[in-house]
Amino acid sequence: MTARDTVAEAVVTGVGTVAAPAGTALDEPWFDYRARLGPRGYKYLPDACQYLLAAAKDALTRSGAESAGPAGSGGTSGPAGSAGSAGSAGSVGSAGAAGDGPAALAGCAEERRAAVVGTNSAVAALHADITEVVRAGGINRLSPMLTPFFSVNLVASRLSTEHRLKGFNTTVTSPRVAGLEALHVAARELGAGRGDLVLAGVTEAFDPGHGTAAAEAGSVVLVLRPPADAVRPGGALVRTTLRFVPPAALAHESGRRRAGREVREALEALAAPGRAPELIRVVTDGSAVASAVEAAVRDWSARRVPLSVEAVGARAGALAPMERVAHDLRDGAAGPRTVVAVAGEGNVAFVSVDPYGTA
């Protein structure tokens, strides 16, 4: 049983989302990069990279206007909000005169800007295409435009190039929780003084080898600033922590007891003093680990915090939990809300969103 005791904190000033309209077949074209990014320079990027750039652009567009309006006035899209046009953006503040990308980054040195991106399937389709092309015609048939993206790290690197993020650039790929883990890594680094602004989030593209797992496609990006920054109207404080529950440990009573204790301690640590969450959402995959975590959350929350369990099943991506976080950021909640994401492999991530929190 591995515990990561650190609770990391950061201030959110903007959120952008890209999501397919409800009912869209994810293996069919649905995203227009020309409308969201521009006609040149993006055509040959992998889908997940296009989604990430569009979500980041929207988050930055609104980050400069975090005090201009009430939460959620920036719009909604897809599962993270109400059904709407493909990839419309949401934010914790409405757009304003200072809300374009360069203005949002103004005053922040390039060396103090960074990116942390989570993904499970960003380049899965590209890997499948590379395999097919090599088998059919040999390595010389590979596209020099797309092939470099066989390395998943280049998806986040393209984001850094786009916005001159010259600080750290990190990609995390933990199953199902990679997006929430990206928030944790980003918040931890901000708290340690290693940056002044981080674009953190998740991006996924359709995985042709998803099998019985549900495919995902889209992106969520948050603009994070150090926890010492004031939470302005329409903004929020996020608190995060991680745990790992080895599936094999659950075969023994002692392992189950320890898993429950770790989950309860994580929730206790995450709750700000005097500000218990008004809602906890557990996003599970139906695994034994998920059942153990759900039981521990129920035990901790009994008679004091409403609990919602969303059994999303096995998924080829880490998008679903981040969509819940984006929803909570825009929902105008009166108090903290917590999202717990669980993977059958043992990864557990906790994120609390507090619209009026102070670090």
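None of the values given here were measured: they were computed from a predicted structure.
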| request: Determine whether Leu180 and Val116 fall in the same hydrophobic cluster, where Ile, Leu, Val, Met, Phe, Trp and Tyr are linked whenever their side-chain heavy atoms lie under 4.5 Å apart. | output: yes
| remark: Shortest non-hydrogen pair, Ala215 vs Leu26, comes out as O-CD1, 3.5 Å
| said: Just verifying a value: how many Å separate Thr171 OG1 and Asn153 CG, rounded to the nearest 0.5 Å? | reply: 4.5 Å
| What heavy-atom pair brings Leu183 and Ala200 nearest, and what distance separates the two atoms? | CD2-CB, 3.9 Å
| Salt bridge Asp299-Arg264, side-chain N to carboxylate O under 4.0 Å | yes
| Carboxylate-amine/guanidinium proximity below 4.0 Å for Glu265 and Arg243 | no
| said: Is it the case that over 12 heavy atoms from other parts of the model lie below 6.0 angstrom from the CZ atom of Arg304? | reply: yes
| query | Do Val198 and Phe168 pass the side chain to side chain contact (heavy atoms under 4.5 Å, CB included) test, and can you show the C-alpha distance, the side-chain angles, and the key distance before you say yes or no? | reply | CA-CA 9 Å; Val198 181; Phe168 55 89; 3.8 Å; yes
| query | Is there side-chain contact between Glu204 and Thr119, with heavy atoms separated by less than 4.5 Å? | reply | yes
| remark: In this structure, CZ of Arg315 is separated from CD of Glu216 (nearest 0.5 Å) by 4.0 Å
| task | Could you go through the side chain to side chain contact (heavy atoms under 4.5 Å, CB included) check for Thr203 and Val117 one step at a time? | result | CA-CA 7 Å; Thr203 189; Val117 176; 4.1 Å; yes
What pairs of donor and acceptor atoms, side-chain ones from residues 332-344 against any protein atom, are under 3.5 angstrom apart with sequence neighbours left out?
unit_1 : atom_1 : unit_2 : atom_2 : d
Arg337 : NE     : Glu278 : OE2    : 2.9
Arg337 : NH1    : Asp328 : OD1    : 3.4
Arg337 : NH1    : Asp331 : OD2    : 2.7
Arg337 : NH2    : Glu278 : OE2    : 3.3
Arg337 : NH2    : Asp331 : OD2    : 3.1

| message | Between Val223 and Leu199, is there a side-chain heavy-atom distance shorter than 4.5 Å? | response | yes
| request: Look up atom CD in Glu262 and atom CZ in Phe244, then write down how far apart they are to the nearest 0.5 Å. | output: 12.5 Å
| query | Out of curiosity, Leu222 CG to Thr13 OG1, how far, rounded to the nearest 0.5 Å? | reply | 8.5 Å
| With the 4.5 Å side-chain cut-off for hydrophobic clustering, are Val185 and Val351 part of the same group? | yes
| query | Quick one: does His210's side chain have a donor or acceptor within less than 3.5 Å of a partner on Ala213's backbone? | reply | yes
| field | Same apolar cluster (I L V M F W Y, side chains within < 4.5 Å links), Val245/Leu270 | value | yes
| request: Compare all side-chain heavy atoms of Val155 with those of Leu159 and state whether any distance is below 4.5 angstrom. | output: no
| message | For the NE2 atom of His184 and the CD atom of Glu189, what is their distance to the nearest 0.5 Å? | response | 9.5 Å
| Does a donor on one side chain sit under 3.5 Å from an acceptor on the other, for Glu181 and Ser174? | yes
| Closest non-hydrogen atom pair, Ser121 against Gly317 | OG-N, 4.3 Å
| message | For Glu132, I'd like to know if atom CD has over 12 heavy atoms of other residues, nucleotides or ligands within 6.0 Å. | response | no
| Minimum heavy-atom separation for Ala217 to Tyr51, with atom names? | CB-CE1, 4.1 Å
| What's the verdict on side chain to side chain contact (heavy atoms under 4.5 Å, CB included) for Arg164 and Arg113, showing C-alpha distance, side-chain angles and the deciding distance? | CA-CA 8 Å; Arg164 298 182 179 180; Arg113 309 172 189 169; 3.9 Å; yes
| Does any N or O in the side chain of Asn120 come within less than 3.5 Å of the main-chain N or O of Arg176, such that one atom is a donor and the other an acceptor? | yes
| task | Measure the shortest side-chain to side-chain distance between Leu197 and Leu224 over non-hydrogen atoms and say whether it is less than 4.5 angstrom. | result | no
| field | Ser157 OG to Glu162 CD distance, which is reported to the nearest 0.5 Å | value | 13.0 Å
| query | Considering only heavy atoms from C-beta outward, does the side chain of Leu60 approach that of Leu105 to under 4.5 Å? | reply | yes
| Quick one: do the Thr241 and Arg239 side chains pair a donor with an acceptor below 3.5 Å? | no
| request: Consider only side-chain heavy atoms of I, L, V, M, F, W and Y, link residues closer than 4.5 Å, and tell whether Val177 and Phe350 are in one cluster. | output: no
| message | If hydrophobic clusters are built by linking Ile, Leu, Val, Met, Phe, Trp and Tyr wherever their side-chain heavy atoms come under 4.5 Å apart, do Val353 and Leu279 end up in the same one? | response | no
| task | Flag the pair Glu253 and Arg256 as a salt bridge only when some basic side-chain nitrogen lies within less than 4.0 angstrom of an acidic carboxylate oxygen. | result | yes
| said: Whether Arg324 and Glu310 form a salt bridge (side-chain N of Lys/Arg under 4.0 Å from carboxylate O of Asp/Glu) is what I want to check. | reply: yes
| note | Closest heavy-atom pair, Pro277 versus Trp300, reported as atoms and distance to 0.1 Å, is CD-CH2, 4.1 Å
| query | Counting N and O atoms only, with roles assigned by atom type, does the side chain of Asn169 sit under 3.5 Å from a partner on the main chain of Ala156, one being a donor and the other an acceptor? | reply | yes
| query | Can you check whether Arg330 reaches Thr17 side chain to side chain, under 4.5 Å on heavy atoms? | reply | yes
| Which heavy atom in Ala259 sits nearest to a heavy atom in Leu250, and how many Å separate them? | CB-CD2, 3.9 Å
